[in-house]
Amino acid sequence: MPIQQSDVQYTAVATAENGRDGRVATDDGKLDVVVNPPKEMGGSGAGTNPEQLFAAGYSACFQGALGVVARQEGVDLTGSTVTAKVGIGRNDDGFGLIVEISAAIPTVDAATARGLLAQAHQVCPYSKATRGNITVTLAP
């Protein structure tokens, strides 16, 4: 179920100049980066790009969701990491994204890791936002 405006606890604000070949900054100044298309897409690759920013946000959010489910299950996540790979490519109406989420959880076996990832995918806000819109695969 979508949240209502009255449920919002925090709102991030970022402004872009010149789209994929310019600059993105947050209103509080904590993020201010040059963005350029990657070399693989004909750009200079000099700055970061929206896919890297999305991967960074998704991996951090998913790690947080993983922590929530691990605490509920009584699982120690010490030393764990989450990696998000965000791909962009052409589709029938322009461009689309695809995501692979993987985790290294040294404190558990592969079956437990798969279960935790599946549970985290149900509660992660980024996963909820992308569900049904883009392909997201989980790879423990």
Side-chain angles (χ1 to χ4, degrees):
M1 172 187 291
I3 67 170
Q4 303 300 311
Q5 186 62 39
S6 61
D7 299 322
V8 172
Q9 296 177 342
Y10 169 75
T11 300
V13 178
T15 302
E17 298 172 4
N18 296 323
R20 296 180 65 84
D21 204 0
R23 176 179 162 263
V24 176
T26 55
D27 64 337
D28 62 6
K30 292 181 180 177
L31 178 73
D32 190 340
V33 295
V34 171
V35 290
N36 301 114
K39 289 182 179 183
E40 296 84 350
M41 296 182 70
S44 69
T48 190
N49 59 65
E51 292 70 40
Q52 289 173 324
L53 295 170
F54 186 68
Y58 203 160
S59 63
C61 187
F62 201 95
Q63 177 81 39
L66 188 61
V68 168
V69 299
R71 280 188 295 281
Q72 291 172 344
E73 298 291 326
V75 174
D76 176 20
L77 289 184
T78 300
S80 68
T81 60
V82 171
T83 300
K85 295 180 182 179
V86 176
I88 184 172
R90 290 199 175 275
N91 62 14
D92 54 355
D93 60 353
F95 285 87
L97 299 176
I98 189 168
V99 176
E100 179 184 300
I101 301 286
S102 61
I105 309 172
T107 58
V108 301
D109 59 49
T112 302
R114 280 191 297 278
L116 291 170
L117 283 176
Q119 290 179 64
H121 190 46
Q122 295 306 307
V123 300
C124 174
Y126 275 63
S127 292
K128 289 178 181 181
T130 59
R131 191 167 289 120
N133 299 309
I134 65 174
T135 300
V136 177
T137 57
L138 305 176

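Quick note: numbers below take in every heavy atom, side chains included, and nothing from hydrogens, waters or symmetry partners.
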Report yes or no: do [X] and [Y] belong to one cluster of Ile/Leu/Val/Met/Phe/Trp/Tyr joined by side chain heavy-atom distances under 4.5 Å?
X: Y58; Y: I88; result: yes
X: V35; Y: L97; result: no
X: F95; Y: V86; result: yes

Determine the minimum heavy-atom distance between [X] and [Y], stating which atoms define it.
X: K39; Y: S44; result: CE-O, 3.3 Å
X: C124; Y: C61; result: SG-SG, 3.5 Å
X: N36; Y: G47; result: OD1-N, 2.8 Å
X: K30; Y: D28; result: N-OD1, 3.0 Å
X: V82; Y: S59; result: O-CB, 3.6 Å
X: T107; Y: T78; result: CG2-O, 3.7 Å

| task | Can you sort out the partners of D32 under side chain to side chain contact (heavy atoms under 4.5 Å, CB included), two or more places apart, ordered by chain and number? | result | R23, A25
Side-chain ([X]) to main-chain ([Y]) donor-acceptor, under 3.5 angstrom:
X: Q122; Y: Q119; value: no
X: N133; Y: A129; value: yes
X: R131; Y: V136; value: no

| task | Quick one: list whatever passes ring-ring contact (aromatic ring centres under 6.0 Å, His included) with F62, sequence neighbours left out. | result | none
Rounded distance (nearest 0.5 Å) linking atom [atom1] of [X] with atom [atom2] of [Y]:
X: I105; Y: L66; atom1: CD1; atom2: CG; answer: 4.5 Å
X: H121; Y: L138; atom1: NE2; atom2: CG; answer: 5.0 Å
X: I134; Y: F54; atom1: CD1; atom2: CZ; answer: 5.0 Å
X: M41; Y: N49; atom1: CE; atom2: CG; answer: 8.5 Å
X: L117; Y: R114; atom1: CG; atom2: CZ; answer: 9.5 Å
X: Q63; Y: I101; atom1: CD; atom2: CD1; answer: 10.5 Å

| said: Can you confirm whether V99 sits close enough to Y126 that some side-chain heavy atom of one is under 4.5 Å from a side-chain heavy atom of the other? | reply: no
